[in-house]
Undergrad: 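Pasting a structure here, questions to come.
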Amino acid sequence: MKRYHSHLGRDIVLTGGSARDLEPGQFGVLAIDGGAGGWSIVHKGPGGEVVELNNEMHFELPEDALAFVKELIEMMAPGGADA
């Protein structure tokens, strides 16, 4: 699976478990225990703060986590789910 993705102009980065390498505004799909513990979704804000977006739910596969991030991005886009 590719490490860098883009959806509707937003960057998504698959990482080995740290949001440290993310740039402000990027989404991250982070491996928990090398992926054995699942995958988590985070967003790094403009001030450098990192927020976990999937709460305590972790994804078994990185593809599932990536699909979830894309859905979130679509909901945030102008004319998204709430429009």
Undergrad: Is there a side-chain contact between H5 and L14, using heavy atoms and a 4.5 Å cut-off?
TA: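 Yes - at least one pair of side-chain heavy atoms lies under 4.5 Å apart.
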
Undergrad: Would you list the pairs meeting side chain to side chain donor-acceptor pair (under 3.5 Å) in which at least one residue belongs to residues 19-29, sequence neighbours left out?
TA: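 Listed once each, the pairs are S18-R20.
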
Undergrad: Decide yes or no on side chain to side chain contact (heavy atoms under 4.5 Å, CB included) for Y4 and I12, but give the supporting numbers first.
TA: CA-CA 6 Å; Y4 297 100; I12 308 166; over 6 Å; no

Undergrad: Who passes side-chain contact (heavy atoms from CB on, under 4.5 Å) against A31, sequence neighbours left out?
TA: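 For A31, the residues satisfying side-chain contact (heavy atoms from CB on, under 4.5 Å) (neighbours in sequence not counted) are W39.
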
Undergrad: Can you measure from CD1 (I73) to CG (L8) and round to the nearest 0.5 angstrom?
TA: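 Atom-to-atom, I73:CD1 and L8:CG are 7.0 Å apart.
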
Undergrad: State, to 0.1 Å, how close L30 and A19 come at their nearest heavy-atom pair, and which atoms those are.
TA: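 Answer, listing the atom of L30 first, then A19: CD2-N, 3.5 Å.
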
Undergrad: Side-chain contact test, heavy atoms from C-beta onward, threshold under 4.5 Å: evaluate it for I32 versus H58 and give yes or no.
TA: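 In short, these two side chains touch, coming nearer than 4.5 Å.
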
Undergrad: Mind listing the closest non-hydrogen atom pair of P24 and G45 along with its distance?
TA: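 Residues P24 and G45, closest heavy atoms: CB-O, 3.4 Å.
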
Undergrad: Taking a hydrophobic cluster as the set of Ile, Leu, Val, Met, Phe, Trp and Tyr residues connected by side-chain heavy atoms closer than 4.5 Å, whether directly or through intermediates, do V69 and V13 fall within one such cluster?
TA: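 Different clusters.
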
Undergrad: Take V51 and V42, measure what side chain to side chain contact (heavy atoms under 4.5 Å, CB included) needs, and give me the verdict at the end.
TA: CA-CA 5 Å; V51 177; V42 299; over 6 Å; no

Undergrad: Between N54 (side chain) and S40 (backbone), is there a donor-acceptor pair under 3.5 Å?
TA: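 Not confirmed, N54 side chain does not pair with S40 backbone.
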
Undergrad: Which heavy atom in S6 sits nearest to a heavy atom in D11, and how many Å separate them?
TA: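 Taking S6 first and D11 second, the nearest heavy atoms are OG-OD1, 4.3 Å.
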
Undergrad: Could you tell me whether the side chain of K44 and the main chain of L22 form a donor-acceptor pair under 3.5 Å?
TA: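 Such a contact is found between K44 side chain and L22 backbone.
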
Undergrad: For L61, check side-chain contact (heavy atoms from CB on, under 4.5 Å) against everything at least two apart and list the hits.
TA: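 Only E63, D64 meet the side-chain contact (heavy atoms from CB on, under 4.5 Å) criterion with L61.
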
Undergrad: List the steps and the verdict of side chain to side chain contact (heavy atoms under 4.5 Å, CB included) for T15 and V29.
TA: CA-CA 6 Å; T15 75; V29 176; over 6 Å; no

Undergrad: I'd like to know whether I41 forms a side chain to side chain contact (heavy atoms under 4.5 Å, CB included) with E52, so could you lay out the CA-CA distance, the side-chain angles of the two residues, the decisive distance to 0.1 Å, and finally the verdict.
TA: CA-CA 6 Å; I41 307 300; E52 186 174 351; over 6 Å; no

